[in-house]
2 protein chains.
Amino acid sequence: MENRIERLCIESGVKMTGQRRIIARVLSEATDHPNVEELYRRAIAIDPRISIATVYRTVRLLEEKGILERRDFGEGRARYDPTDRGHHHHLIDVDTGKVIEFEDEEHEAVVKRIAERLGFTLVSQRLELFGRRVKAEAAREDQPRAEPPRAAARRPARPIPLARARRAPPPRGAGER
Amino acid sequence: MENRIERLCIESGVKMTGQRRIIARVLSEATDHPNVEELYRRAIAIDPRISIATVYRTVRLLEEKGILERRDFGEGRARYDPTDRGHHHHLIDVDTGKVIEFEDEEHEAVVKRIAERLGFTLVSQRLELFGRRVKAEAAREDQPRAEPPRAAARRPARPIPLARARRAPPPRGAGER
DNA sequence: TTAAGTGCAAAGCCTTTGCTGGGAC
DNA sequence: GTCCCAGCAAAGGCTTTGCACTTAA
């Protein structure tokens, strides 16, 4: 059993409580990009003595420590992505909501160049691609879908609860390379 | 006096009420990316007999009609961008919150290629760059800033109020080219 | 020991919506 | 004349927070 996240927490000087250890474990075992509610669900499956407020406080703390990155796939809630998985972007399947990670050096070079052309040094960036799987059998695309795509993909770019600004800008997160 | 947006509304078969005309005018005159509250402020300056609920309903309608695009700069609220300004992305100055529009053919080609490499056809995308102005006098960057950057830039990728999914995914908006 | 974390419930913020009266076509 | 729209206020959904108790170091 690993628990990379707990290790990172300790390295960052985060006081490890029982609840945080569980959340760290859940995060370490996750291979997807869970939102708070999902993290909470997985956490209470291990130990019910944990509240969702603690999950919110913990992801926020880990985000501030640079252990987690907050992602916004336009669903109306945040998702979290451990930074130790490395720098990457996401492609969301608009029909299934499935998220695919990728990285691309050429893209990094291009955006860096764009920023410089505009007189800026790139601090960070957000890139999400939305795509549809290429299928052999050309889909009859005009026909209305009986089953609408998953919520994840259905919600478009969505606003965001204001909430008092609290920490630094995107600068820290994804982007540098 | 122009009012491009009102024209677009009529072309799209949107019933023009007094309130919508005012909002259309505000949008036509805007050169920035106002959020709902800002639109509301500008609208009531012209005619106070308008409620913020109407602004919300109107931007949503215009978004569905493809006249507006919803943007999320990670501030906790949505901003709106008339689509007739053409396809573009944004670079946000992390120190001032100022938003700069840009477009780049090379980038478009790169992301299209990325999607294809992953077995997808690109439906849309979201790209935001966060950068810091390049200054002649090399800034002493470790020194803490007396004045923190504007809220706009300070808030990182932020969650998003869930709200029942309502229309199609990002597909429609920015991205295609 | 003692500062920090946790639970619970209430509050906050942006956004949506039910309902009633009003207006566009 | 009808169906859609606007206002208002309440509700909704995610997230934060005040307070009293518990716990890590």
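In what follows, every chain begins at residue 1, and chains take the letters A, B, ... in the order their sequences are listed.
Across all strands shown, B:I50 has heavy atoms under 4.0 Å from sugar-phosphate atoms exclusively, and none from any base.
Under the 30°/60° scheme for interplanar angles, the aromatic rings of A:H88 and A:H33 are found to stand perpendicular.
Using a cutoff of 4.0 Å between basic side-chain nitrogens and carboxylate oxygens, B:R85 and B:E101 are scored as salt-bridged. Under a 4.0 Å N-O distance rule, the pair B:D81/B:R70 does not qualify as a salt bridge. With respect to the salt-bridge test (charged N to carboxylate O, under 4.0 angstrom), the residues A:D72 and B:R126 qualify. A:D95 and A:R132 are joined by a salt bridge, as a carboxylate oxygen and a charged side-chain nitrogen come within less than 4.0 angstrom of each other.
Atoms CD1 (A:I44) and C1' (C:dG7) sit 14 Å apart, rounded to a whole Å. Taking atom CG of residue A:L61 and atom P of nucleotide D:dT15, one finds them 17 Å apart after rounding to whole Å. Note: OH (A:Y40) to C1' (C:dT6) measures 12 Å, nearest angstrom. Here D:dA6 presents its P atom at 14 Å from CZ of B:R60, a figure rounded to the nearest Å. Atom P of nucleotide D:dG13 and atom OH of B:Y56 are separated by 16 Å, given to the nearest angstrom. For A:D47 and D:dT23, the CG to P distance is 12 Å, given to the nearest whole Å. For the pair A:Q19 CD and D:dC21 C1', the computed distance is 13 Å after rounding to whole Å.
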What does nucleotides 19-25 of chain C look like as a protein-contact string, B for base, S for sugar-phosphate only, - for none, at under 4.0 angstrom between heavy atoms? ----BSS
Side chain to side chain contact (heavy atoms under 4.5 Å, CB included) assessment of B:E29 paired with B:R42: CA-CA 10 Å; B:E29 293 172 353; B:R42 297 179 194 177; over 6 Å; no
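Each of B:V36 and A:V55 has a nearest nucleotide on DNA chain C; the 5'-most of these lies closest to A:V55.
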